[in-house]
Asker: 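Supplied in structure tokens, the structure appears directly below.
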Amino acid sequence: MAKIRYYYDTETCKYEPIKVSRSAMVLNVAGFLTVSLIMALGLIYVYRANFTPVKESNLRSENSKLKLEWNILNNNLNNAYASIDELQFKDDNIYRVILDTDAIPATIREGGVGGHNKYERLLEQELEDSELIIGTYQRIDNLRKKLYIQSKSYDQISDLLIEKEKMWASRPAIQPINNKELTRLHTTFGRRFHPILKTWSEHEGLDFTAPTGTPVYATGDGIITASYRSSTYGNVLFVNHGYGYQTRYAHLTNYIVERGESVKRGQVIGYVGSTGRSEAPHLHYEVLFNYKPINPINFFQRDLDNDEYEKLIEISQQETIPLD
């Protein structure tokens with residue numbers, strides 16, 4: 001029950017009750033509500049200015065974590081790009097140079113990975129920082145493509161290396177006679193005066209003078225394609241090394257391999273003799289490339305160390321007499 005307020009009436013000399021009009025009551029109520037609303041809004045403002053709602057706080061925390069992870073991802077991407085660039089450099093400038101093959105064209109390595117339409121679903125979501133997100137996705141796709149190309153390149157290099165190893169093993173690359181057994185080397189390759197026929201003729205190999213029975217070695221991997229006796233070359237072995245290379249070993253006292261047999265570099269295939277048209281025990285050795293004779297000295301000298309090579313030169317400079 002509301003309290004009744006009084007005022008002193010000087011005319012009646014009495015306390016009369018205060019009568020409040022309806023309009024005054026409405027104004028009082030409106031004023032009270034206005035003040036209350038202002039105070040409420042002020043409290044809300046102060047609260048929001050000084051306190052963060054739990055849901056918003058959680059979202060901000062999650063957003064900070066995502067930004068941190070995004071920065072870590074970008075750093076990892078930068079490191080991955082640096083690593084793939086190093087792999088590409090070694091691939092093009094070291095491995096492929098050694099294997100004598102062409103580098104992968106930059107147009108293939110740097111080719112695109114698809115147009116902007118690939119990322120339309122991200123644009124449709126109207127994400128904040130959508131350009132940053134799309135750019136990162138593009139970098140990841142590009143890195144994936146680079147890794148795929150590099151993987152295929154390594155597969156190709158592996159195949160090339162296997163083939164090159166077979167070629168290097170097959171290529172005539174050592175002396176057919178050990179330097180320890182060698183007493184004389186006749187290095188005349190090409191036209192010379194034949195000591196027996198007394199005429200000028202082509203000498204298509206080198207003559208290694210050594211005692212009868214000295215082991216003769218295959219100078220590269222290959223297959224024996226001929227083993228026969230000739231009136232001029234005596235006992236002869238012919239080895240096909242593949243890749244265009246062949247070698248011939250003549251004047252053997254005997255051979256211990258047969259036609260069709262596979263041989264390895266350094267394997268003993270026969271022994272020095274003086275069969276056929278020969279004046280003393282020695283090995284006549286030839287190297288052919290695409291069936292054309294080439295000077296064998298260009299091959300086996302790479303297999304010698306400095307002392308062995310000096311000894312070879314010393315032997316070759318001795319007074320020599322052609323033997324066949």
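Hydrogens, waters and symmetry mates play no part in the numbers below; they use all other heavy atoms, side chains included. Everything quoted here is computed from the prediction, not taken from an experiment.
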Asker: Side chain to side chain contact (heavy atoms under 4.5 Å, CB included), that's the test. Do Y228 and S230 meet it? Break it down for me.
Answerer: CA-CA 7 Å; Y228 59 92; S230 164; 3.9 Å; yes

Asker: Treating S170 as the side-chain partner and K166 as the backbone partner, does any N or O pair qualify as donor plus acceptor under 3.5 Å?
Answerer: yes

Asker: Please lay out, stage by stage, how Q246 and Y291 fare under the test side chain to side chain contact (heavy atoms under 4.5 Å, CB included).
Answerer: CA-CA 7 Å; Q246 297 167 309; Y291 302 101; 3.2 Å; yes

Asker: After noting the C-alpha distance and the side-chain angles of N240 and Y245, does the key distance pass the side chain to side chain donor-acceptor pair (under 3.5 Å) rule?
Answerer: CA-CA 6 Å; N240 186 352; Y245 289 103; over 6 Å; no

Asker: Kindly compute the distance separating CD (Q138) from CD1 (I140), expressed to the nearest 0.5 Å.
Answerer: 10.5 Å

Asker: Is any side-chain heavy atom of Q267 closer than 4.5 Å to one of Y217?
Answerer: no

Asker: If you measure from the Lys or Arg side-chain nitrogens to the Asp or Glu carboxylate oxygens, is any gap between E69 and K65 under 4.0 Å?
Answerer: no

Asker: Is the shortest side-chain heavy-atom distance between I224 and L237 below 4.5 Å?
Answerer: yes

Asker: Do M167 and V239 land in one hydrophobic cluster if side-chain heavy atoms of ILVMFWY residues count as linked below 4.5 Å?
Answerer: yes

Asker: Do F238 and I223 belong together in a cluster built from hydrophobic side chains that touch within less than 4.5 Å?
Answerer: no

Asker: Measure the shortest side-chain to side-chain distance between I108 and I149 over non-hydrogen atoms and say whether it is less than 4.5 angstrom.
Answerer: yes

Asker: Please examine the side chains of I269 and Y249, heavy atoms only from C-beta on, and report whether any two atoms are closer than 4.5 Å.
Answerer: yes

Asker: Report yes if the side chains of L283 and D207 come closer than 4.5 Å at any heavy-atom pair, otherwise no.
Answerer: no

Asker: In Å and rounded to the nearest 0.5 Å, what is the CZ to CG distance from R139 to L73?
Answerer: 8.5 Å

Asker: Kindly indicate whether the side chain of K146, heavy atoms from C-beta on, has any atom under 4.5 Å from the side chain of Q88.
Answerer: yes

Asker: Does one hydrophobic cluster hold both Y243 and F289, with members joined at side-chain heavy-atom distances below 4.5 Å?
Answerer: yes

Asker: Hey, which of Y285, Y233, F208 is the one that makes side-chain contact (heavy atoms from CB on, under 4.5 Å) with H251?
Answerer: Y233

Asker: Regarding K264 and D221, does a basic nitrogen lie under 4.0 Å from an acidic carboxylate oxygen?
Answerer: yes

Asker: Atom CG in L147, atom OG in S83: separation rounded to 0.5 Å?
Answerer: 9.5 Å

Asker: Please answer: with hydrophobic residues joined when any side-chain heavy atoms are less than 4.5 Å apart, are F89 and Y81 in the same cluster?
Answerer: no

Asker: Between OG of S278 and CG of L252, what distance do you get to the nearest 0.5 Å?
Answerer: 11.0 Å

Asker: Please determine whether side chain to side chain contact (heavy atoms under 4.5 Å, CB included) holds for the pair L143 and L77, giving the CA-CA distance in whole Å, both sets of side-chain angles, and the decisive distance to 0.1 Å.
Answerer: CA-CA 8 Å; L143 179 63; L77 272 177; 3.9 Å; yes

Asker: For the atom pair OG (S153) and CG (D92), what is the distance rounded to the nearest 0.5 Å?
Answerer: 7.0 Å

Asker: How about T219 and H241: do any of their side-chain heavy atoms sit closer than 4.5 Å?
Answerer: yes

Asker: Verify the neighbour count for atom CZ of R229: are there more than 12 heavy atoms of other residues, nucleotides or ligands below 6.0 Å?
Answerer: yes

Asker: Answer yes or no: does atom CG of D102 have more than 12 heavy-atom neighbours from other residues, nucleotides or ligands under 6.0 Å?
Answerer: no

Asker: Side chains of L206 and E286, heavy atoms from C-beta outward: is any pair under 4.5 Å?
Answerer: no

Asker: Kindly indicate, with the supporting measurements, whether the criterion side chain to side chain contact (heavy atoms under 4.5 Å, CB included) is fulfilled by D100 and K164.
Answerer: CA-CA 10 Å; D100 192 25; K164 289 289 185 181; 4.2 Å; yes

Asker: Looking only at heavy atoms, which two atoms of Y271 and G213 are closest? And how far apart?
Answerer: CD2-O, 3.2 Å

Asker: Closest heavy-atom contact between T101 and L160?
Answerer: CG2-CD1, 3.8 Å

Asker: Show your reasoning for whether salt bridge (Lys or Arg N to Asp or Glu O under 4.0 Å) applies to R109 and D91.
Answerer: CA-CA 12 Å; R109 287 196 183 277; D91 186 349; 3.2 Å; yes

Asker: For the residue pair A250 and V236, what are the closest heavy atoms and their distance?
Answerer: CB-CG2, 4.2 Å

Asker: First locate atom CD of E165, then atom CG of L99, and finally report the distance between them rounded to the nearest 0.5 Å.
Answerer: 9.5 Å

Asker: Which atom names give the shortest non-hydrogen contact between I174 and G266, and what distance separates them?
Answerer: CD1-N, 3.8 Å

Asker: Would you say V257 ends up clustered with I177 if hydrophobic residues are merged whenever their side chains have heavy atoms under 4.5 Å apart, either directly or through other cluster members?
Answerer: yes

Asker: Are the side chain of R277 and the backbone N or O of G234 linked by a donor-acceptor pair below 3.5 Å?
Answerer: no

Asker: Considering all heavy atoms of both residues, which atom of L182 and which atom of T209 are nearest to each other, and what is their separation?
Answerer: CD1-O, 3.4 Å

Asker: How close do K180 and N178 get, counting heavy atoms only, and between which atoms?
Answerer: N-OD1, 2.9 Å

